[in-house]
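The figures here come from the full heavy-atom set of this structure, side chains too, leaving out hydrogens, waters and symmetry mates. This one's a predicted model, so the numbers in the text were calculated from it and none came from an experiment.
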Amino acid sequence: MQTRPLEIACDESGFTGTNLLDPTSPVITHASVHLDRPAAAEYVALVRARFRHTGTEYKATQMLRQRPVLEWLLGSLRGVGHVHLTDKPFFITCRIVDFLLGEPTYAAGTSLATQLRPAAVTLYRDGPVVLGERRWRAFLATFVKVMRTKRRQVIDAAAVEEFYATLADLRSTLPNHQESDSLQGILGRLSNSRPQLEEVLTLLLDDRSSVPPALEPLLPALLETAHHWSKALHWSEGVCSVAIVHDEQSALTRHRVAQVQAILTAVSTGPPPLLSVTMTDSRTDPRVQLADLLAGAARHIAVAELHSRSDPALTELLRPYLSHNSLWPDAPSWQRLTGGPQIRSVTSR
């Protein structure tokens, strides 16, 4: 069967650059919609007409103040929308494990590379409880500091020293001789990772490295989004490849997109799943405007669930859109969001 690429429009909500530990923004969402321009334009026109909006672009922040709009949107896009959730502190935890104990490829942090996910879950779950929330957050912050390589031509040796000093301090308060998959065991393995960290940092000095930037959660989300739609369309419409139209986003450089394409092509038995990613201004594309609204709605609802401020009616409306390959470690909130079993990234022990 000949490949018939289909355009998918995407946008995100909750992007904070490398400031991934901002307590006011713990989640980033990546939403996508499968609609042509005329259909999307009709949705946007309905928003304007039914809710008396006259501005140039109706944004998610406005929608969240108008519950009827929010409910209408989530009820209307079912079947043509998809949302990937990322818990930012858990993303950092996964990066620590994948980059220092595993293979830091563009598949890291996705459903295509889950071998070390149990270790990340153990760190995320046990670290704050055993070590204390303040010390645990400080440890994550030192890793973020190490990995801030943008516009830097040399490795920040002081940051590397701080990271391993913080790690040693954490280990000093824990008993020795524990199993390798326990909190103590994983921290012990990380303490021996300096050669790998220095190798990774050296590779990251090259913007065209095969190692992904450590602080860009949109890259795993983009991979999962393309993977989802290429499979979904293959079964429903005989389509194997997708072309993504994305709101302007500096994280999605040409080289990084090419790396994501290569990973997806390597695991595909058919045509390349992701043909292209084209940037556009959301103000000129109604499909991207709808993706922005869906992303904003999903982030609002997911954060409420994460903080145990559930709105069951909105959660139920969001449920059909959620990716089961989201990077989400909190089992109770995930069960409320999906109404089903634990997420794949949460490992029962």
Side-chain angles (χ1 to χ4, degrees), residues 15-22 28 86-110 112-117 119-120 122-124 127 131 135-172 180 185-223 249-260 262-263 327:
F15 182 76
T16 53
T18 61
N19 186 18
L20 296 173
L21 292 172
D22 180 354
I28 183 170
T86 300
D87 178 295
K88 294 178 189 177
F90 184 54
F91 170 75
I92 298 172
T93 308
C94 288
R95 284 314 213 205
I96 291 173
V97 171
D98 288 331
F99 277 48
L100 303 187
L101 301 181
E103 191 70 26
T105 72
Y106 273 76
T110 75
L112 301 182
T114 59
Q115 299 90 335
L116 289 171
R117 193 66 55 81
T122 297
L123 286 179
Y124 182 90
L131 303 167
R135 296 176 74 207
W136 177 250
R137 299 279 292 193
F139 173 60
L140 296 182
T142 61
F143 180 77
V144 171
K145 186 176 180 180
V146 168
M147 288 297 171
R148 282 198 176 109
T149 58
K150 192 173 183 180
R151 300 187 184 91
R152 190 191 301 157
Q153 298 303 313
V154 295
I155 296 173
D156 188 341
V160 173
E161 290 297 332
E162 182 183 3
F163 174 75
Y164 284 102
T166 303
L167 183 54
D169 177 64
L170 296 182
R171 294 184 66 218
S172 69
S180 64
I186 297 167
L187 292 178
R189 291 156 60 195
L190 287 171
S191 70
N192 296 319
S193 66
R194 186 188 290 256
Q196 176 151 332
L197 174 59
E198 291 177 349
E199 180 181 353
V200 166
L201 290 173
T202 300
L203 291 171
L204 285 173
L205 294 177
D206 181 359
D207 287 338
R208 299 184 61 81
S209 170
S210 60
V211 175
L215 307 179
E216 294 290 5
L218 281 182
L219 294 170
L222 177 72
L223 187 151
Q249 176 52 253
S250 60
L252 304 180
T253 66
R254 184 177 300 179
H255 169 72
R256 293 170 183 174
V257 169
Q259 294 294 311
V260 171
I263 291 288
L327 208 59

With rounding to the nearest 0.5 angstrom, report the OG to CG distance, Ser172 to Leu167. 10.0 Å
Might you work through the side chain to side chain contact (heavy atoms under 4.5 Å, CB included) test for Leu187 and Leu123, ending with a clear yes or no? CA-CA 8 Å; Leu187 292 178; Leu123 286 179; 4.0 Å; yes
Can you tell me how the ring of Phe139 sits relative to the ring of Phe163, calling it parallel under 30°, perpendicular over 60° and tilted otherwise? parallel
Approximate separation, where rounding is to 0.5 Å, of Leu197 CG and Ile96 CD1: 10.5 Å
State the OG1-CG distance between Thr166 and Leu140, to the nearest 0.5 angstrom. 10.5 Å
For the residue pair Gly102 and Gln196, what are the closest heavy atoms and their distance? O-NE2, 2.8 Å
Checking Asp169 against Arg135 for the salt bridge (charged side-chain N to carboxylate O under 4.0 Å, His left out) test, could you report, in this order, the C-alpha distance in whole Å, the side-chain angles of both residues, the deciding distance, and whether it holds? CA-CA 10 Å; Asp169 177 64; Arg135 296 176 74 207; 3.0 Å; yes
Can any side-chain N or O of Thr16 pair as donor or acceptor with the backbone N or O of Asn19 at less than 3.5 Å? yes
Taking the basic N atoms (NZ, or NE/NH1/NH2) and the acidic carboxylate oxygens, is any pair closer than 4.0 Å for Asp156 and Arg148? no
Can a side-chain donor-acceptor contact be found between Tyr164 and Thr142 if the only test is distance below 3.5 angstrom? no
Closest heavy-atom pair and its distance - Arg117, Gly109: NH2-C, 3.5 Å
Within this structure, what is the CG-OG1 distance for the pair Asp98 and Thr93, rounded to the nearest 0.5 Å? 10.5 Å
Between Arg137 (side chain only) and Leu21 (backbone N and O only), is there a donor and an acceptor less than 3.5 Å apart? yes
Check whether any side-chain heavy atom of Arg95 lies under 4.5 Å from a side-chain heavy atom of Met147, and answer yes or no. no
Shortest non-hydrogen pair, Ser250 vs Arg256, comes out as O-NH1, 4.2 Å
Apply side chain to side chain contact (heavy atoms under 4.5 Å, CB included) to the pair Ile28 and Phe91, showing each step before the final yes or no. CA-CA 10 Å; Ile28 183 170; Phe91 170 75; over 6 Å; no
Which pairs of donor and acceptor atoms, one on a side chain in residues 201-220, lie under 3.5 Å apart (sequence neighbours left out)?
| residue | atom | partner | partner atom | Å |
| --- | --- | --- | --- | --- |
| Thr202 | OG1 | Glu198 | O | 2.8 |
| Asp206 | OD1 | Arg208 | N | 2.9 |
| Ser209 | OG | Leu203 | O | 3.3 |
| Ser209 | OG | Val211 | N | 2.9 |

How close do Leu327 and Cys94 get, heavy atom to heavy atom, and via which atoms? CD1-SG, 4.2 Å
Rounded to the nearest 0.5 Å, how far apart are OG1 of Thr122 and CG of Leu116? 11.0 Å
Verify side chain to side chain contact (heavy atoms under 4.5 Å, CB included) between Val97 and Arg189, making sure each step is shown before the conclusion. CA-CA 10 Å; Val97 171; Arg189 291 156 60 195; over 6 Å; no
Glu103 side chain to Thr105 backbone, donor-acceptor under 3.5 Å: no
As a test of understanding, state which of Val260, Ile263, Leu223 forms a side chain to side chain contact (heavy atoms under 4.5 Å, CB included) with Thr110. Leu223
Nearest 0.5 Å, what's the CG-NZ distance between Asp22 and Lys88? 6.5 Å
For Ala107 and Ala113, the nearest pair of non-hydrogen atoms, with its separation, is O-CB, 3.6 Å
Could you pull out the closest heavy-atom pair between Arg171 and Ser191, with the gap in Å? NH1-OG, 3.2 Å
